[in-house]
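First the structure, in the form of structure tokens, and then the observations on it.
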Amino acid sequence: MVLVRRGIATMASLKKASKVVCIGRNYADHIAELNSARPKQPFFFLKPPSSILLPGEGPVIQPKGVNLHYEVELALIIGKRLRDLEATDEQTALDAVDKYALSIDMTARNIQNEAKKKGLPWDISKGFDTFLPMSKLIEKSAIPDPHKIELYLTVNNEVRQNDSTELMLFRIPRILSDISKVMTLEEGDIVITGTPKGVGPVVPGDIMRAGIKIDGKELEEAKIEVGVEESTSSYVFAET
């Protein structure tokens, strides 16, 4: 295992991440609602840093022909280079997290479903510009235990997702270990840790609000408020 140098993440640095690693199928009820198979080990894929939407940068853009879904997730901002980390080394794993953030993993569900059916990559379904709204950065001191926080998301003030990270199938040390044994996690990389049940569609005109609560108290810096608008691009999804 290699771990070197502490990083100091800033909002401006997020889009300079070398990669965004996304953990899939990490909450049992979410697996069930999508009729997916429960993984035997952490399952992950990538989103491009160009999909990041910082606070105040505007709305999520829905491409034409896309069934757009939200997935609220806790994000880890990596502050130290990690390679070949052992899952039992929990302290090193947690020490490697520089800051937290909240994120919404926007997904073109119909594109993803087609890719899964045909055995194709998911990149398009996850990778459009604006498909990763993020909150402000959250200091580690504000989240004493990342496995005991409540994630929520509303659409037009109606609660759609509201669950505890205690329900994660694979916790942060195991997640970082498995990733680091496949690809080195670099300083500034972002890892999003999976979504609880309640995912669903949004359409242009909808307003998503998301946040984190700890012992029932709202964490101000974790709040996300972002609208949805239809794309003016010439892109229209067509079956592969």
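With respect to Glu221 and Lys223, no salt bridge is recorded, no charged nitrogen being found less than 4.0 Å from a carboxylate O. Classification of Arg81 and Glu187 as a salt-bridged pair fails, no side-chain N sitting under 4.0 Å from a carboxylate O. A salt bridge does not link Lys80 to Asp95: none of the charged side-chain nitrogens sits closer than 4.0 Å to a carboxylate oxygen. Checked for salt-bridge contact, Lys16 and Glu186 miss the test: no charged N lies under 4.0 Å from a carboxylate O.
Taking CZ of Arg171 as the reference point, atom CG of Leu176 lies at 14.0 Å (rounded to 0.5 Å). For the atom pair OG of Ser103 and CG of Leu14, the computed distance is 10.5 Å after rounding to the nearest 0.5 Å. Rounding to the nearest 0.5 Å places OG of Ser135 at 6.5 Å from CD1 of Ile212. The distance from atom CG of Leu53 to atom CD1 of Ile61, rounded to the nearest 0.5 Å, is 8.5 Å. With rounding to the nearest 0.5 Å, the separation of CG in Leu94 from CD in Gln91 is 6.0 Å. Atom OG1 of Thr232 sits about 9.5 Å away from atom CD of Glu229, to the nearest 0.5 Å.
In terms of heavy-atom proximity, Ala210 sits nearest to Val72 at CB-CG2, 4.0 Å. Closest non-hydrogen pair, Ala96 versus Leu82, comes out as CB-CD1, 3.6 Å. In plain terms, the two heavy atoms of Ala93 and Pro173 that are nearest each other are CB-CA, 3.6 Å. In this structure, Pro63 and Ser231 approach most closely via the heavy-atom pair CA-CB, 3.9 Å. Here the closest heavy-atom approach between residue Thr240 and residue Lys118 is recorded as O-NZ, 2.7 Å. Here the closest heavy-atom approach between residue Pro201 and residue Tyr70 is recorded as O-CE2, 3.8 Å.
More than 12 heavy-atom neighbours from other residues, nucleotides or ligands sit within 6.0 angstrom of CG on Asp145. More than 12 heavy-atom neighbours from other residues, nucleotides or ligands sit within 6.0 angstrom of CD1 on Ile214. No more than 12 heavy-atom neighbours from other residues, nucleotides or ligands sit within 6.0 angstrom of NZ on Lys148.
Listed for the Ser233 side chain is a donor-acceptor partner under 3.5 Å among the backbone atoms of Tyr235. A donor-acceptor distance shorter than 3.5 angstrom exists from the side chain of Glu57 to the backbone of Leu54, with no hydrogens or angles considered. Between the side chain of Asn110 and the backbone N or O of Gly65, at least one donor-acceptor pair lies under 3.5 Å. At least one donor-acceptor pair closer than 3.5 Å links the side chain of Ser177 to the backbone N or O of Leu85. A side-chain donor-acceptor contact under 3.5 Å links Gln62 to the backbone of Val66. Between the side chain of Thr165 and the backbone N or O of Pro146, at least one donor-acceptor pair lies under 3.5 Å. Thr10 contributes a side-chain N or O that, together with a main-chain N or O of Ser13, makes up a donor-acceptor pair within less than 3.5 Å. Without hydrogens or angle criteria, Asn26 side chain to Met168 main chain gives no donor-acceptor distance under 3.5 Å. Judged purely by atom type and a 3.5 angstrom limit, Asp189 has no side-chain atom pairing as donor or acceptor with the backbone of Ala17.
Within the 4.5 Å cutoff, the side chain of Asp129 has no heavy atoms near those of the Ser51 side chain. Lys181 has its side chain within reach of Glu86: a pair of non-hydrogen atoms, C-beta onward, lies under 4.5 Å apart. Looking at Arg160 and Thr154, their side chains never come closer than 4.5 Å, going by heavy atoms from C-beta outward.
Side-chain polar atoms of Asp84 and Ser180 form no donor-acceptor pair below 3.5 angstrom. Gln161 and Thr195 form a side-chain donor-acceptor contact under 3.5 Å, judged by distance and modelled atom types alone. Side chains of Glu73 and Tyr27: no donor on one and acceptor on the other come within 3.5 Å.
Ile190 and Val60 sit in two unconnected hydrophobic clusters of ILVMFWY residues. Membership requires side-chain heavy atoms under 4.5 Å apart, directly or through other members. If you chain together hydrophobic residues whose side chains sit under 4.5 Å apart, Val182 and Leu185 fall into the same group. Leu219 and Leu137 are not part of a single hydrophobic cluster, where members link through side-chain heavy atoms under 4.5 Å apart. Ile104 and Tyr152 fall into different hydrophobic clusters, where Ile, Leu, Val, Met, Phe, Trp and Tyr are joined by side-chain heavy atoms under 4.5 Å apart, directly or via other members. Cluster annotation: Ile138 is not connected to Val20 through the hydrophobic network of ILVMFWY side chains, with a link wherever side-chain heavy atoms come within less than 4.5 Å.
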> Taking it one step at a time, do Ile207 and Asn157 satisfy side-chain contact (heavy atoms from CB on, under 4.5 Å)?
Replying inline: CA-CA 8 Å; Ile207 303 294; Asn157 295 317; over 6 Å; no
> So Val228 and Met208, side-chain contact (heavy atoms from CB on, under 4.5 Å) or not? Walk me through it.
Replying inline: CA-CA 8 Å; Val228 181; Met208 295 178 288; 4.0 Å; yes
> After noting the C-alpha distance and the side-chain angles of Glu71 and Arg109, does the key distance pass the salt bridge (charged side-chain N to carboxylate O under 4.0 Å, His left out) rule?
Replying inline: CA-CA 11 Å; Glu71 300 183 2; Arg109 190 69 73 199; 2.8 Å; yes
>> Is there a side-chain contact (heavy atoms from CB on, under 4.5 Å) between Ile77 and Met134? Walk through the geometry before answering.
In response: CA-CA 11 Å; Ile77 316 302; Met134 296 189 69; 4.2 Å; yes
> Given Lys19 and Met183, is the side-chain contact (heavy atoms from CB on, under 4.5 Å) satisfied, shown in steps?
Replying inline: CA-CA 10 Å; Lys19 54 190 169 292; Met183 59 186 76; 3.8 Å; yes
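Applying the salt bridge (charged side-chain N to carboxylate O under 4.0 Å, His left out) definition to pairs two or more places apart or across chains, those involving residues 199-212 are Arg209-Glu225.
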With a 3.5 Å cut-off and sequence neighbours excluded, list the donor-acceptor pairs that the side chains of residues 31-48 form with protein atoms.
| residue | atom | partner | partner atom | Å |
| --- | --- | --- | --- | --- |
| Glu33 | OE1 | Gly198 | N | 2.9 |
| Glu33 | OE2 | His30 | ND1 | 2.9 |
| Glu33 | OE2 | Gly198 | N | 3.1 |
| Glu33 | OE2 | Val199 | N | 3.4 |
| Lys47 | NZ | Asp105 | OD1 | 2.6 |
| Lys47 | NZ | Met106 | O | 3.1 |
| Lys47 | NZ | Lys126 | O | 2.8 |
| Lys47 | NZ | Phe131 | O | 3.1 |

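The only option from Ile23, Leu132, Leu74, Leu76 that meets the side-chain contact (heavy atoms from CB on, under 4.5 Å) definition with Ile192 turns out to be Leu132.
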